[in-house]
Amino acid sequence: MLIGPTLGRYFAARFARTVLGVFVTVFALVYTLDFAELLRRAGETQGASTGLMAQLSLYRTPAVAEGVLPFAVLFGSMAALLQLSRKLELVVARAAGISAWQFLQPGVFVALALGALAVGVYNPVSAMLKQRSTEIEAKIFAKATKAGSGKDLWIRQRGSDGEAILRAETAIEGSTTLAGVSVFTFDEAGKFAEQLVAARATLHDGYWELSDVRVLTPDAPPESFDTYLIASNLDPGQVRQRFTPPESVPFWQLPTTIARTERAGLDATRYRLQYDVLWARPVLFVAMVIVAATVSLRFFRFGGVGKLVLGGVAAGFALYVIRQVMEGLGASGLVAAPVAAWFPAVVGSLLGTLTLLYQEDG
């Protein structure tokens, strides 16, 4: 039986306000911490103004905050239900013959709506902003990053001119462009030939195009070039896949990315897993609402609310661990991608429903 439209809209508004309130609070906290870290990294770096760091942090934060969306739904739903219970609104609803399953309907609807918006709108925007932030970081911090920090990217290749080893300080996601590049070239006999230091390097079919290059050789003074080409046997598709994590690909572009990766003969398991994870996200949000209901419907006058809230936090953490384990198994190919993506959402919903059935109907 469906809940009445007036009461349903009221409960839905309460759910939406608390969930969005929790998410905005976390978003602001992440932004503040990231902004402070960027200011520390900027230091005396040329061009790293406070305004640019604020903009860069704003571009980076949505991708980080996307990972806490399920917890925002969990804690927001718990807060909404506890507020309704504390103000005796749930008591009145029960006295009017409305069951727990009915006043949870608005919460489930809000979870599905937020899940659809998170997948169809928020994810593409956050992915594009993340790619933009990578480009800005490459321009600002590449030359300021210390070589040998342990976070550098290394590529070994063989071309028509001999072997070369590339070290890059960062990669621009969604492209074949590297920033802060050092190239060590060797002749066909394996003897060191020269070192190239470039601001950027972009891989094309059959060659690397280096920009703003300084050439260092053992037997000649350094030379500078605007552009420098190096032969390469690397496939641009392979390089693009290696430096573009699935989380950086917008939802609507994932099918194209999967098809392009498979046509190139590459493994598209990670992209398929990300696609299924995003499809399962609305159901995961519903699972969080049901889990929140299992620990938030106790009357305040009975006491023990604090223990139940801690139980809800523990249940959410357990669900998070299960999701991480299953995604790891799916990325490694040990578990089919659809199973790995849907397992946490389905199991969480079923266990929450079972617990709620026991609590409400004995």
Before you tell me yes or no, could you show the steps for Glu209 and Thr202 under side-chain hydrogen bond (donor to acceptor under 3.5 Å, both in side chains), namely the whole-Å CA-CA distance, both residues' side-chain angles and the distance that decides it to 0.1 Å? CA-CA 5 Å; Glu209 180 183 358; Thr202 301; 5.8 Å; no
Just by distance, do the side chain of [X] and the backbone of [Y] share a donor-acceptor pair under 3.5 Å?
X: Thr18; Y: Gly76; value: yes
X: Tyr275; Y: Ile258; value: no
X: Thr32; Y: Ala28; value: yes
X: Thr185; Y: Glu194; value: yes
X: Thr176; Y: Leu203; value: yes
X: Glu262; Y: Thr257; value: no

Going only through I, L, V, M, F, W and Y residues with side-chain contacts under 4.5 Å, is there a path from [X] to [Y]?
X: Val289; Y: Leu356; answer: yes
X: Met288; Y: Leu357; answer: yes
X: Val119; Y: Val19; answer: no
X: Val213; Y: Trp208; answer: yes
X: Leu52; Y: Leu56; answer: yes

So, [X] versus [Y]: side-chain donor-acceptor pair below 3.5 Å or not?
X: Gln157; Y: Asn233; result: no
X: Thr217; Y: Asp219; result: no
X: Ser182; Y: Arg167; result: yes

List the atom pairs, donor and acceptor, that lie under 3.5 Å between side-chain atoms in residues 326-349 and the rest of the protein, sequence neighbours left out.
{"unit_1": "Ser332", "atom_1": "OG", "unit_2": "Gly328", "atom_2": "O", "d": "3.2"}
{"unit_1": "Ser332", "atom_1": "OG", "unit_2": "Leu329", "atom_2": "O", "d": "2.9"}
{"unit_1": "Ser349", "atom_1": "OG", "unit_2": "Ala345", "atom_2": "O", "d": "2.8"}

Hey, is OH on Tyr320 packed in by over 12 heavy atoms from elsewhere, all under 6.0 Å?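 For Tyr320, atom OH is not crowded (no more than 12 foreign heavy atoms under 6.0 Å).
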Aromatic ring pairing [X]/[Y], orientation class (parallel under 30°, perpendicular over 60°, tilted between):
X: Phe186; Y: Phe192; result: perpendicular
X: Phe251; Y: Trp279; result: perpendicular
X: Phe35; Y: Tyr31; result: parallel

Taking the six-membered ring for Trp and the single ring otherwise, decide whether the centroids of Phe15 and Phe109 are under 6.0 Å apart. no
Show your reasoning for whether side chain to side chain contact (heavy atoms under 4.5 Å, CB included) applies to Val181 and Arg200. CA-CA 6 Å; Val181 180; Arg200 288 197 174 199; 5.9 Å; no
Do [X] and [Y] make a side-chain contact, defined as non-hydrogen atoms from C-beta onward lying under 4.5 Å apart?
X: Leu254; Y: Leu278; value: yes
X: Leu229; Y: Leu210; value: no
X: Val110; Y: Val108; value: no
X: Asp212; Y: Phe225; value: no
X: Glu66; Y: Arg281; value: yes
X: Trp154; Y: Leu166; value: no
X: Leu81; Y: Leu104; value: yes
X: Tyr122; Y: Leu117; value: no

In plain terms, say whether Lys130 and Glu135 are close enough for a salt bridge, that is, a side-chain N and a carboxylate O under 4.0 Å apart. no
Does Glu223 come within less than 4.0 Å of Arg214, counting only side-chain N to carboxylate O? no
Taking all non-hydrogen atoms of both residues, which atom of Pro106 and which atom of Ala12 are closest, and how far apart?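 It is CB-N, 3.5 Å.
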Looking at every heavy atom in both Leu216 and Pro222, which two are closest together, and how far apart are they? CD2-CB, 3.6 Å
Output the distance between atom [atom1] ([X]) and atom [atom2] ([Y]), rounded to the nearest 0.5 Å.
X: Asp34; Y: Ser57; atom1: CG; atom2: OG; result: 3.5 Å
X: Asp267; Y: Arg272; atom1: CG; atom2: CZ; result: 10.0 Å
X: Leu319; Y: Gln324; atom1: CG; atom2: CD; result: 10.5 Å

State which residues pass ring-ring contact (aromatic ring centres under 6.0 Å, His included) with Phe317; sequence neighbours excluded, sorted by chain then number.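 Listed in chain order: nothing, the list is empty.
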Could you go through Ile230 and Leu196, starting from their C-alpha distance and side-chain angles, then the distance that decides it, and tell me whether this counts as side chain to side chain contact (heavy atoms under 4.5 Å, CB included)? CA-CA 10 Å; Ile230 300 177; Leu196 311 173; 3.2 Å; yes
State which residues pass side-chain hydrogen bond (donor to acceptor under 3.5 Å, both in side chains) with Tyr10; sequence neighbours excluded, sorted by chain then number.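 So Tyr10 forms a side-chain hydrogen bond (donor to acceptor under 3.5 Å, both in side chains) with Arg14, Glu89.
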